[in-house]
K.L.:
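Pasting a structure here, questions to come.
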Amino acid sequence: QVQLVESGGGLVQPGGSLRLSCAAAGSIRGVNDMAWFRQAPGKQREYVGRVTRDGVTNYADSVNGRYTISRHNNNYTMFLQMNTLKLEDTAVYYCNAKILVRGGIMEFPYWGQGTQVTVSS
């Protein structure tokens with residue numbers, strides 16, 4: 001069984017910073033692309049950014065220049081450093097990863113349970 005667990009959410013003032021973590025655990029053979037999504041109240045889940053196994057990153061226009069994604073391949077952990085946070089960044093942030101389980105032959109996407117980020121004064 002494989003799990004993705006996010007942590008690091010919380011309440012922060014506008015202009016502040018927050019760092020999220022996502023850890024993949026379980027019977028894992030390999031982890032390919034890892035990504036962050038978010039869902040604000042009343043809105044659809046949207047793409048935030050991703051990092052490949054080789055460390056190549058890509059970001060949504062709304063967060064480019066403010067957010068930074070990184071990962072540690074040795075323990076299947078991904079991070080999201082969020083700076084200069086805005087009110088509109090308030091959302092539940094979800095981790096997504098393409099994972100190959102031990103004994104498997106195909107990668108499948110897995111989702112974390114989400115962590116709440118609230119930007120408020």
Side-chain angles (χ1 to χ4, degrees):
Q1 188 174 355
V2 172
Q3 283 187 319
L4 287 177
V5 179
E6 301 101 334
S7 61
L11 174 64
V12 63
Q13 292 186 340
S17 298
L18 210 57
R19 187 176 190 240
L20 306 183
S21 300
C22 168
S27 184
I28 297 173
R29 180 178 174 185
V31 178
N32 204 338
D33 288 6
M34 301 183 78
W36 289 97
F37 289 76
R38 67 185 182 185
Q39 187 167 16
K43 295 187 177 181
Q44 290 188 336
R45 189 173 298 188
E46 66 174 3
Y47 169 78
V48 172
R50 75 173 186 270
V51 57
T52 69
R53 184 159 43 193
D54 297 328
V56 177
T57 56
N58 174 269
Y59 301 93
D61 290 343
S62 58
V63 306
N64 197 22
R66 300 188 297 121
Y67 288 15
T68 302
I69 298 174
S70 59
R71 66 187 282 175
H72 289 164
N73 284 331
N74 56 348
N75 59 358
Y76 307 129
T77 304
M78 174 177 63
F79 304 96
L80 177 63
Q81 177 66 43
M82 304 182 291
N83 297 327
T84 319
L85 283 161
K86 305 175 181 180
L87 296 176
E88 53 264 39
D89 293 319
T90 295
V92 177
Y93 283 70
Y94 295 92
C95 171
N96 171 273
K98 295 179 181 178
I99 298 175
L100 176 65
V101 300
R102 293 190 185 279
I105 59 173
M106 291 180 60
E107 296 173 347
F108 288 94
Y110 289 82
W111 290 91
Q113 81 288 352
T115 185
Q116 176 70 46
V117 172
T118 302
V119 183
S120 175
S121 56

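These values consider heavy atoms only, across backbone and side chains, with no hydrogens, waters or symmetry-generated copies.
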K.L.:
I need the Asn32 CG to Thr52 OG1 distance, nearest 0.5 Å.
P.N.:
7.5 Å
K.L.:
Which distance, rounded to the nearest 0.5 Å, do you find between the NZ of Lys98 and the CZ of Arg50?
P.N.:
7.5 Å
K.L.:
Does the Thr118 side chain pair with the main chain of Thr90, one donor and one acceptor, at a distance under 3.5 Å?
P.N.:
no
K.L.:
Are a donor atom and an acceptor atom from the side chains of Asn58 and Tyr47 found within less than 3.5 Å of each other?
P.N.:
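Yes.
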K.L.:
May I have the step-by-step check of side chain to side chain contact (heavy atoms under 4.5 Å, CB included) for Met82 and Val119, ending in yes or no?
P.N.:
CA-CA 11 Å; Met82 304 182 291; Val119 183; over 6 Å; no
K.L.:
Is the side chain of Gln81 donor-acceptor paired with the backbone N or O of Thr68 at a distance under 3.5 Å, no angle test?
P.N.:
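The answer is no, because no donor-acceptor pair under 3.5 Å joins these two groups.
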K.L.:
Quick check on Asp61: does its CG atom have over 12 non-hydrogen neighbours (other residues, nucleotides or ligands) under 6.0 Å away?
P.N.:
no
K.L.:
For residues Tyr110 and Val31, determine if any side-chain heavy atom of one lies less than 4.5 Å from a side-chain heavy atom of the other.
P.N.:
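Contact flag for Tyr110/Val31 side chains = no.
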K.L.:
Looking at Glu6 and Gln113, would you say the former's side chain and the latter's main chain have a donor-acceptor pair under 3.5 Å?
P.N.:
yes
K.L.:
Does one hydrophobic cluster hold both Val48 and Val56, with members joined at side-chain heavy-atom distances below 4.5 Å?
P.N.:
no
K.L.:
Looking only at atom types and distance, does a side-chain atom of Arg66 sit under 3.5 Å from a main-chain N or O of Thr84, one as donor and one as acceptor?
P.N.:
yes
K.L.:
Using 0.5 Å steps for rounding, measure from the CG atom of Asn96 to the SG atom of Cys22.
P.N.:
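Here the rounded value is 8.5 Å.
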K.L.:
Supply the atom-to-atom distance Tyr93 OH to Ser7 OG, rounded to the nearest 0.5 angstrom.
P.N.:
15.0 Å
K.L.:
So does Gln44 have more than 12 non-hydrogen atoms from other groups sitting under 6.0 Å from CD?
P.N.:
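Open.
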K.L.:
Under the side chain to side chain contact (heavy atoms under 4.5 Å, CB included) criterion, do Tyr59 and Val51 qualify, and how do the steps go?
P.N.:
CA-CA 9 Å; Tyr59 301 93; Val51 57; over 6 Å; no
K.L.:
So which of Leu20, Val117, Leu18 actually passes side chain to side chain contact (heavy atoms under 4.5 Å, CB included) with Leu80?
P.N.:
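The single option meeting the side chain to side chain contact (heavy atoms under 4.5 Å, CB included) with Leu80 is Leu20.
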K.L.:
Output, in order, the C-alpha distance, side-chain angles, deciding distance and verdict of side chain to side chain contact (heavy atoms under 4.5 Å, CB included) for Val12 and Asp89.
P.N.:
CA-CA 11 Å; Val12 63; Asp89 293 319; over 6 Å; no
K.L.:
Given Trp36 and Met78, is the side chain to side chain contact (heavy atoms under 4.5 Å, CB included) satisfied, shown in steps?
P.N.:
CA-CA 9 Å; Trp36 289 97; Met78 174 177 63; 3.2 Å; yes
